[in-house]
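Okay, structure first, notes after.
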Amino acid sequence: MHPLLDQYRHTLLGRLRTKLFSRITRRLDRIPTQKELWSFLMPEWKRNPLAASFHFQILHLPGSRRVSFPNSLPPPVLHTHLEDIVLREPIWSLFAEDDSGGEPIGCIAIGHTRPNGEPGYYAALYTERDFPNCGFISLAPTRNVNDSHIAELGSDGWVELSISEAAKSQGSCIAITAIHEYLPGAVRVPLERIKHLGSEDEPPTDPELMRRLERVMTGKLQLAKGTVSRDLVRLFDEGFGKTLDPRKVAQLVDRIDDGLLVYWNGAHFICSDDYYGYLGYQLLKRDRVNVVVIGDFPRDLVIVELIGDEKLLPPVLISRETLTPGETSELHEWRASEQQTSKRRLATPTDLLARWVGFADLLAENDPSERSLHDYLLSCPIMLGASWDQVESEVWFGRGYRADLVLRANRALPTVRLIELERPNHRLFTKDLHETAMVTHAVQQVNDWVRYCRQNPDDPVIAASGGVSPDGVVIIGRSRYLNEKEREVLAHNNQGRDVKVITFDELLDDFGTLILHRLDDGTEV
């Protein structure tokens with residue numbers, strides 16, 4: 001760990017980490033190794049993998065961020081927080097804490113990409129008093145926020161909450177706030193928090209706007225939401241607009257459709273609180289502009305969609321960068337060096353564990369599709385084994401043969417593996433312990449591929465590895481559905497054939513073993 005990233009070691013995260021480390025040390029009567037630290041958690045991993053994964057996070061997260069945790073959130077604020085979260089790539093791991101009240105509360109969240117491409121999170125809430133026990137939150141936001149899934153783990157299992165219920169739940173509000181505070185770029189904050197914010201590019205005060213806003217908030221003035229011609233909109237201070245960074249304008253163009261807050265001055269619609277939005281419309285050269293108009297205006301100039309009160313006010317956007325403890329030139333140089341070598345280095349155990357959780361979630365679905373499994377494995381090829389240098393998807397060869405995945409290891413003696421993916425809900429055996437037709441067909445199909453490659457070493461798929469004959473693997477079904485006798489029969493059958501049959505659970509277990517090895521091995525690939 002870079003020394004500059006360890007300056008938060010006295011925070012709640014550091015205390016929780018020390019407490020977990022002390023428990024293990026007392027059990028062993030000596031300082032444990034990294035492997036022993038994880039082995040200590042193995043029994044809990046088997047009982048509750050979610051709890052063990054968060055203890056893993058405590059051991060490996062570099063630092064924390066101070067966040068003001070709410071007991072509840074207004075539903076509109078929760079709604080906008082979820083909209084912000086779903087539009088971003090997942091934050092793979094974070095720790096936030098709030099010690100403004102009595103007892104400090106810490107929130108660890110780990111993120112992953114769900115099969116539909118949207119982010120998902122698990123969050124754990126810790127206090128020093130209850131550690132290592134914690135509360136769990138599951139968050140799966142969707143672009144249609146009302147369809148989002150928010151759940152808390154209770155004594156009887158997961159309890160799903162509606163948006164209104166989640167807004168009243170302290171645990172859900174803490175988790176969502178912690179994740180939202182870590183989002184880089186433009187985020188939306190509720191109006192009641194604006195008085196606590198400051199910015200070097202804060203626009204000049206417009207007394208007329210403030211007068212009208214005060215009347216809106218007291219119910220004396222209405223708002224109209226609609227569109228107007230861009231030619232009719234002017235900035236309150238054109239000179240100030242010219243001082244803003246064009247790069248930041250480009251970063252915020254995806255949020256301009258929330259609408260510009262404007263008022264009619266008798267000649268133009270004046271925009272005085274969203275200079276970036278106005279400049280964004282200029283950058284995109286849009287003919288019409290989304291606006292929220294305060295007070296009266298010529299009706300023939302606006303295509304009105306809604307008339308209402310302060311609920312129509314557009315959200316306030318705050319642009320912020322990802323914060324890192326100890327921002328210095330030395331740290332920036334170190335970070336640049338890390339980026340240059342990242343392609344040659346295996347992912348950290350924390351990142352791998354987030355992928356492990358995501359794949360386990362995918363397998364836990366009622367009937368995950370072959371396509372979703374294929375795409376997930378392709379997005380994280382190391383799940384197929386750390387020895388492979390190259391992964392190719394949907395490779396065609398011969399007379400219409402197509403392998404789902406082709407793995408290559410470019411060693412002194414090259415190795416090639418052809419993989420057929422089937423669904424995890426397929427059964428492997430009949431009642432009389434014969435392999436099902438689905439397994440038999442898949443094995444025969446891969447056998448045909450291997451035989452063709454042996455007979456045609458000049459085929460481009462094989463020639464790329466010097467004509468080395470490939471082996472084959474069928475990935476199908478779940479080990480959890482096999483009894484002891486079926487496991488024995490599967491092992492026996494695999495010994496007598498060139499094409500091996502493994503389950504998705506075996507793939508997941510091997511990936512978990514790789515993560516354990518990575519705890520002791522930081523070797524670059």
Side-chain angles (χ1 to χ4, degrees), residues 48-54 57 67 69-94 96 107-126 134-183 187-188 190 315 353-369 371-373 375-376 379-380 423-425 478 504 508:
N48 185 350
L50 196 60
S53 66
F54 279 105
Q57 296 286 335
V67 174
F69 288 151
N71 293 321
S72 62
L73 287 171
V77 173
L78 186 73
H79 195 280
T80 56
H81 281 7
L82 293 174
E83 286 182 336
D84 284 334
I85 291 170
V86 77
L87 291 175
R88 311 302 172 84
E89 290 291 325
I91 300 168
W92 298 114
S93 57
L94 62 92
C107 175
I108 290 178
I110 55 177
H112 61 274
T113 301
R114 309 198 323 268
N116 64 1
E118 295 174 338
Y121 290 91
Y122 282 113
L125 308 182
Y126 288 93
C134 57
F136 292 114
I137 306 295
S138 173
L139 178 63
T142 64
R143 292 182 184 274
N144 183 0
V145 172
N146 291 327
D147 294 334
S148 299
H149 295 282
I150 305 171
E152 294 184 350
L153 185 61
S155 57
D156 297 325
W158 288 101
V159 178
E160 187 150 344
L161 307 176
S162 65
I163 296 293
S164 59
E165 291 171 335
K168 300 176 183 177
S169 165
Q170 183 183 23
S172 298
C173 292
I174 287 176
I176 292 170
T177 299
I179 296 167
H180 190 259
E181 286 289 330
Y182 266 81
L183 296 177
V187 295
R188 293 178 290 181
L353 187 61
R355 289 289 188 173
W356 187 94
V357 171
F359 194 59
D361 277 351
L362 179 56
L363 292 178
E365 294 182 4
N366 290 333
D367 188 16
S369 67
R371 171 50 57 184
S372 61
L373 294 165
D375 290 346
Y376 198 95
S379 71
C380 185
R423 298 177 86 101
N425 63 345
R478 303 287 303 275
F504 284 94
L508 190 64

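All figures in this text were calculated on a predicted structure; none of them were measured in a lab. Side-chain atoms are counted along with the backbone in the values below, which use heavy atoms only and exclude waters and symmetry mates.
- Remark: Pro70 pairs with Leu73, Cys173, Thr177 by the side-chain contact (heavy atoms from CB on, under 4.5 Å) rule, at least two apart or across chains.
- Side-chain contact check for Leu94 versus Ile108: every heavy-atom pair is 4.5 Å or farther apart.
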Determine, step by step, whether Val145 and Val86 satisfy the side-chain contact (heavy atoms from CB on, under 4.5 Å) criterion, reporting the C-alpha distance in whole Å, the side-chain angles of both residues, the deciding distance to 0.1 Å, and the verdict.
CA-CA 9 Å; Val145 172; Val86 77; 5.6 Å; no

Derivation of the side chain to side chain donor-acceptor pair (under 3.5 Å) call for Arg355 and Ser379:
CA-CA 10 Å; Arg355 289 289 188 173; Ser379 71; 3.2 Å; yes

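- Residues Phe136 and Tyr122 place their aromatic rings such that the two centres sit no closer than 6.0 Å.
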Show, in sequence, the C-alpha distance, side-chain angles and deciding distance for Ile176 and Tyr121, and conclude whether the side-chain contact (heavy atoms from CB on, under 4.5 Å) test is met.
CA-CA 9 Å; Ile176 292 170; Tyr121 290 91; over 6 Å; no

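- Side-chain contact between Pro368 and Pro424 is present, with heavy atoms from C-beta onward closer than 4.5 Å.
- Ser172 places a side-chain heavy atom less than 4.5 Å from the side chain of Leu161.
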Quick one, Ile137 with Leu153, criterion side-chain contact (heavy atoms from CB on, under 4.5 Å). Give me CA distance, side-chain angles, the key distance, then yes/no.
CA-CA 6 Å; Ile137 306 295; Leu153 185 61; over 6 Å; no

For the pair Leu362 and Ser372, evaluate side-chain contact (heavy atoms from CB on, under 4.5 Å) and give the outcome as yes or no after the intermediate values.
CA-CA 8 Å; Leu362 179 56; Ser372 61; 3.9 Å; yes

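- A donor-acceptor pair under 3.5 Å links the side-chain atoms of Glu165 to the main chain of Ser162, judged by distance alone.
- Between atom CD1 of residue Ile163 and atom NE2 of residue His79 there is a gap of 6.5 Å, rounded to the nearest 0.5 Å.
- Counting only heavy atoms from C-beta outward, the side chains of His149 and Ser138 never approach each other to under 4.5 Å.
- Counting all heavy atoms, side chain and backbone alike, Phe504 lies closest to Arg478 at CB-CD, 4.4 Å.
- You'll find the side chain of Leu508 reaches within 4.5 Å of the side chain of Trp356, heavy atoms only.
- Atoms CD and OG1, on Glu83 and Thr142 in that order, are 10.0 Å from each other to the nearest 0.5 Å.
- When all heavy atoms are compared, the tightest approach of Thr113 to Tyr376 is O-CE1, 3.7 Å.
- Using modelled atom types and a 3.5 Å distance limit, the side chains of Ser72 and Gln170 yield no donor-acceptor pair.
- Ring geometry for His180 versus His81: interplanar angle under 30°, hence parallel rather than tilted (30 to 60°).
- Under the rule for a salt bridge (Lys or Arg N to Asp or Glu O under 4.0 Å), Asp156 has no partner lying at least two apart in sequence or in another chain.
- Partners of Arg114 under the salt bridge (Lys or Arg N to Asp or Glu O under 4.0 Å) rule, at least two apart in sequence or in another chain, are Glu118.
- A heavy-atom distance below 4.5 Å is found between the side chains of Phe69 and Cys107.
- With contacts defined as side-chain heavy-atom distances shorter than 4.5 Å, the pair Leu82/Leu139 qualifies.
- At a threshold of 4.5 Å between non-hydrogen side-chain atoms, the residues Leu87 and Leu183 do not count as touching.
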